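First comes the structure, then the notes that go with it.
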2 protein chains.
Amino acid sequence: MKGRSKRKKAGRSSRTARDTGGTANPKRDTRDKILAAAKEVFAEYPYSAASIRMVGAAAGIDHPLISYYFPTKADLFEAVLEDIADEYYQANTAWFEGLGELSAYRGLSLYIDRLLAFTSRHPEALRIVALNLVQPDGAAIIPGYEKIQGLLAGTRETFRRVADLRGPAAEVRRFTESFNTMVINYIGAATYYAGILGLDPRGPRYLQWVKETLLFLFLPPLRRLIHGEDRTGPESKRS
Amino acid sequence: MKGRSKRKKAGRSSRTARDTGGTANPKRDTRDKILAAAKEVFAEYPYSAASIRMVGAAAGIDHPLISYYFPTKADLFEAVLEDIADEYYQANTAWFEGLGELSAYRGLSLYIDRLLAFTSRHPEALRIVALNLVQPDGAAIIPGYEKIQGLLAGTRETFRRVADLRGPAAEVRRFTESFNTMVINYIGAATYYAGILGLDPRGPRYLQWVKETLLFLFLPPLRRLIHGEDRTGPESKRS
DNA sequence: AACGGTTTTTAACGATCGTTAAGAATCCTT
DNA sequence: AAGGATTCTTAACGATCGTTAAAAACCGTT
């Protein structure tokens, strides 16, 4: 970076952005505009396929301007990751409100309803996770991969606390991790699974299927964990 | 395609491939060599990031030669998809052998052992699925996407038949679909989940975690479905 | 050896990419 | 209005990409 970093720092000042035109358009900061556009683009394409030119087009700016606010594509991607992690954590915390006094069924059902209501309208975080789940064994080609891995981490502890899960720690972990896995997939990769089911990924029937499948899988273990029951035993009970 | 298709057809003849050199190397068909190299590369990178030059390097040939056997990158990708679908179906069928006479626990446990034994050594199919799960809503950028969606379809019916699942069809579907979802993720995206758990994605402890998590989640519903029990009811039983 | 068919190699194209640097435009302070 | 700082635009670079086409190499038959 020759004289670039000098100019970059200046670009991050708190100077007010100019009006973007039109009487109905509020004044918006260019950086925020780029960030929002990047979130949309990174929610459609895996990191390497999403291009700076796409982001520029979505933001309504010339693409070299992006490097003024975010020095590299990787910087932009990581900024988006931080943004969506924060957003998801905030939303997720709200979904747990008031669930502590409900039964396992009502609590889980309501939590899923809230989760689906939010993520079906704001699927970006989960799509970005699903799009960037895998990277080559020996090469770190996805910047901020640990951030992707940590994106749903905050839900874990909240789940354990609100639901007052008392089972063995290993089983609580299985429960929360696999629940998150399903959420990443059924929301983040909705087109894939809805396609297999022959449903519209944005339609109510698909969402209903997701809800019922999550309940089918997670309500029974939730009940066990709430009461601190022993893990599923070996065959000895049935043979 | 100007004069290309004419030459291409000729390239697909049954003419024997030449010896690739070295006394220990068996004669190999160039097409097969390309296909094998492509499988490796497509199992490391999502479609758009995997390049023809990478495949050429992995196959030990000059990359324009690939277009002689596979006219386009998309053709190559779809050929790989057909290859891995066939491979997975064959392997999966073998995992079910002899399970019908076992108890739910023993049967599921043995099936998972076999699945993990195979897929941990041949993770390509599941990695390719996990790497190409999501595509933009309005654009088909992943060739043969329906093939990816259908890759694990064959396991569904075999599971139902061998395990003699008698529950409601909707629940059987939930069971088999979500089981496949977990398999795609925990094997195909092992680096992601093992990283979250702080485990080595190729180590025995991670595989043990996967097995126990699959049993934790799927053994109880399996038992219910084998006996055709009613679905998990609403809270009325517990309130 | 000649010839025709097949396979491989080489050079190059047009396209897209992320990034750089210079100049223009805009903004703010004096 | 002048001047400096900030933001944006334009042109272009070097790199990589999938693909094409021609030439070279190889193979099999006569």
Side-chain angles (χ1 to χ4, degrees), chain A residues 1-21 27-34 37-38 41-42 45-57 59-78 139 141-143, chain B residues 1-21 27-34 37-38 41-42 45-57 59-78 139 141-143:
Chain A
M1 310 285 273
K2 301 135 201 179
R4 175 54 75 182
S5 59
K6 202 177 298 182
R7 294 191 56 185
K8 282 294 167 188
K9 285 179 183 168
R12 300 283 185 87
S13 75
S14 57
R15 174 176 168 177
T16 307
R18 289 165 242 149
D19 195 305
T20 55
K27 292 181 189 292
R28 292 181 60 183
D29 181 56
T30 301
R31 188 180 189 279
D32 287 345
K33 195 159 58 168
I34 294 170
V41 173
F42 286 129
Y45 299 89
Y47 177 75
S48 53
S51 72
I52 294 289
R53 284 169 168 82
M54 285 182 199
V55 176
I61 61 167
D62 296 292
H63 80 273
L65 182 55
I66 294 173
S67 66
Y68 181 77
Y69 291 95
F70 301 93
T72 64
K73 181 178 171 183
D75 289 338
L76 177 60
F77 187 67
E78 292 203 38
I141 69 168
I142 301 177
Chain B
M1 309 282 276
K2 303 135 202 179
R4 175 56 72 184
S5 59
K6 203 178 299 182
R7 291 192 58 186
K8 281 296 165 185
K9 284 179 184 168
R12 299 285 186 84
S13 76
S14 58
R15 174 177 168 175
T16 307
R18 288 167 242 149
D19 195 307
T20 55
K27 292 181 188 292
R28 292 183 61 184
D29 181 53
T30 302
R31 187 180 189 278
D32 287 345
K33 195 160 56 169
I34 294 171
V41 172
F42 285 129
Y45 299 89
Y47 177 74
S48 53
S51 73
I52 295 289
R53 283 169 169 81
M54 285 182 200
V55 177
I61 59 167
D62 296 291
H63 78 272
L65 182 55
I66 294 172
S67 68
Y68 181 76
Y69 291 94
F70 302 93
T72 64
K73 182 180 173 183
D75 290 337
L76 177 61
F77 188 67
E78 291 202 39
I141 68 167
I142 300 177

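Only a predicted model underlies this, so the values are computations on that prediction, with no experimental measurement involved. Proteins get letters first, then strands, A, B, ... in listed order; numbering begins at 1 in each.
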Length of the CD1-P vector between B:I66 and C:dT10, whole Å:
15 Å

Once you round it to whole Å, what is the distance between P of D:dT19 and CD1 of B:I34?
13 Å

Nearest-Å distance, CZ (A:F70) to P (C:dT20)?
16 Å

Please tell me if A:Y69 has a side-chain N or O lying less than 4.0 Å from either OP1 or OP2 of D:dT7.
no

A:R31 and A:F70: CA distance, side-chain angles, deciding distance, side chain to side chain contact (heavy atoms under 4.5 Å, CB included) verdict
CA-CA 8 Å; A:R31 188 180 189 279; A:F70 301 93; 3.4 Å; yes

Taking side chain to side chain contact (heavy atoms under 4.5 Å, CB included) as the definition, give me every residue that meets it alongside B:A74, ordered by chain and number, with sequence neighbours left out.
B:Y47, B:T72, B:P143

Can you confirm whether A:Y69 sits close enough to A:D75 that some side-chain heavy atom of one is under 4.5 Å from a side-chain heavy atom of the other?
no

How would you list, by chain and number, every residue that makes a ring pair (Phe, Tyr, Trp, His ring centres under 6.0 Å) with B:Y45, sequence neighbours excluded?
none

Distances under 3.5 Å between nitrogen or oxygen atoms of protein and nucleotides 13-18 of chain C:
unit_1: C:dC17; atom_1: OP1; unit_2: A:S51; atom_2: OG; d: 3.4
unit_1: C:dG18; atom_1: OP1; unit_2: A:I52; atom_2: N; d: 3.1
unit_1: C:dG18; atom_1: OP1; unit_2: A:K73; atom_2: NZ; d: 3.3
unit_1: C:dG18; atom_1: OP2; unit_2: A:I52; atom_2: N; d: 2.9
unit_1: C:dG18; atom_1: N7; unit_2: A:R53; atom_2: NH1; d: 2.8
unit_1: C:dG18; atom_1: O6; unit_2: A:R53; atom_2: NH2; d: 3.3

Are the side chains of B:I52 and B:L76 in contact, using a 4.5 Å heavy-atom criterion?
yes

Could you give the CG-to-P distance, from B:D75 to D:dT20, as a whole number of Å?
11 Å

To the nearest Å, how far apart are B:L65 CG and C:dT7 P?
10 Å

Would you mind reading off the distance between B:D62 atom CG and C:dT10 atom P, rounded to a whole angstrom?
6 Å

Rounded to the nearest 0.5 Å, the CD1 atom of A:I61 sits from the CD1 atom of A:I34 at a distance of 3.5 Å

